[in-house]
Student: 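Quick one: the structure is below, and I'll ask about it shortly.
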Amino acid sequence: MFTWKDSFSSKINEFDNQHKRLFDLGNHLYSLVRNQSNDDNYDEIMQTLQDLQEYTIYHFQSEEKLMEQFKYPKLLSHKIEHETFIRDLQGLLKKDVDDNQIKISLEIIQFIANWIENHILKSDSQYGEFLKSKGIE
Ligand SMILES: [Fe+2]
């Protein structure tokens, strides 16, 4: 589903590794819902969604900490994007996952695809250039 490519690199190793974890979580979720005739995967889907929520908060905090440390000029708009992602994710997870686990999981896979396309490939690559110019890799 989600395949890492070098073009996704932010040029900051720590964050590339964290982004790869996002890909793994997305792929795991997809593998759980791919075959809808599978036995009920409710517990594992719920665990993956919980992991995704915790990971998202941890990852955004890591990025913001380094951007703050180096006074990244676009920090505020970057933080607003992060807040929007967290709010959207929490909104999805507040729905009745119990009765709609496949549907909500597919929405979350779409959410991850949007995150990769509109944030990792754009905003994150911009801080990558900036932090690299400060000697971080
Ligand atoms: Fe980011």
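Along the sequence shown, the residues carry numbers beginning at 1. Predicted model only: the values in this text are computed from it and were never measured. Note that ligands are numbered from 1 as they come in the structure, with each ligand's atoms numbered from 1 the same way.
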Student: Using ring-ring contact (aromatic ring centres under 6.0 Å, His included) as the criterion, list what pairs up with Tyr30, not counting sequence neighbours.
Tutor: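 Expected list: none.
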Student: When the ring planes of Phe60 and Trp115 are compared, do they come out parallel, tilted or perpendicular, using 30° and 60° as the limits?
Tutor: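 If you compare the ring of Phe60 with that of Trp115, the planes turn out tilted.
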Student: Below the 2.8 Å mark, what number of protein N, O or S atoms do you get around the Fe ion (ligand 1)?
Tutor: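 The number of such protein atoms is 5.
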Student: Would you please indicate if the ring centroids of His119 and Phe85 are separated by under 6.0 Å?
Tutor: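 Ring-ring flag for His119/Phe85: true, centres closer than 6.0 Å.
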Student: Who are the ring-ring contact (aromatic ring centres under 6.0 Å, His included) partners of Tyr55, not counting sequence neighbours?
Tutor: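 His59.
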Student: Take Val33 and Asn41 through the test side chain to side chain contact (heavy atoms under 4.5 Å, CB included) and record every step on the way to the result.
Tutor: CA-CA 8 Å; Val33 298; Asn41 283 326; over 6 Å; no
Student: Write out all pairs satisfying side-chain hydrogen bond (donor to acceptor under 3.5 Å, both in side chains) with one or both partners inside residues 66-75, taking only residues at least two apart or from two chains.
Tutor: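 Non-adjacent pairs meeting side-chain hydrogen bond (donor to acceptor under 3.5 Å, both in side chains): Glu68-Lys79, Lys74-Gln126.
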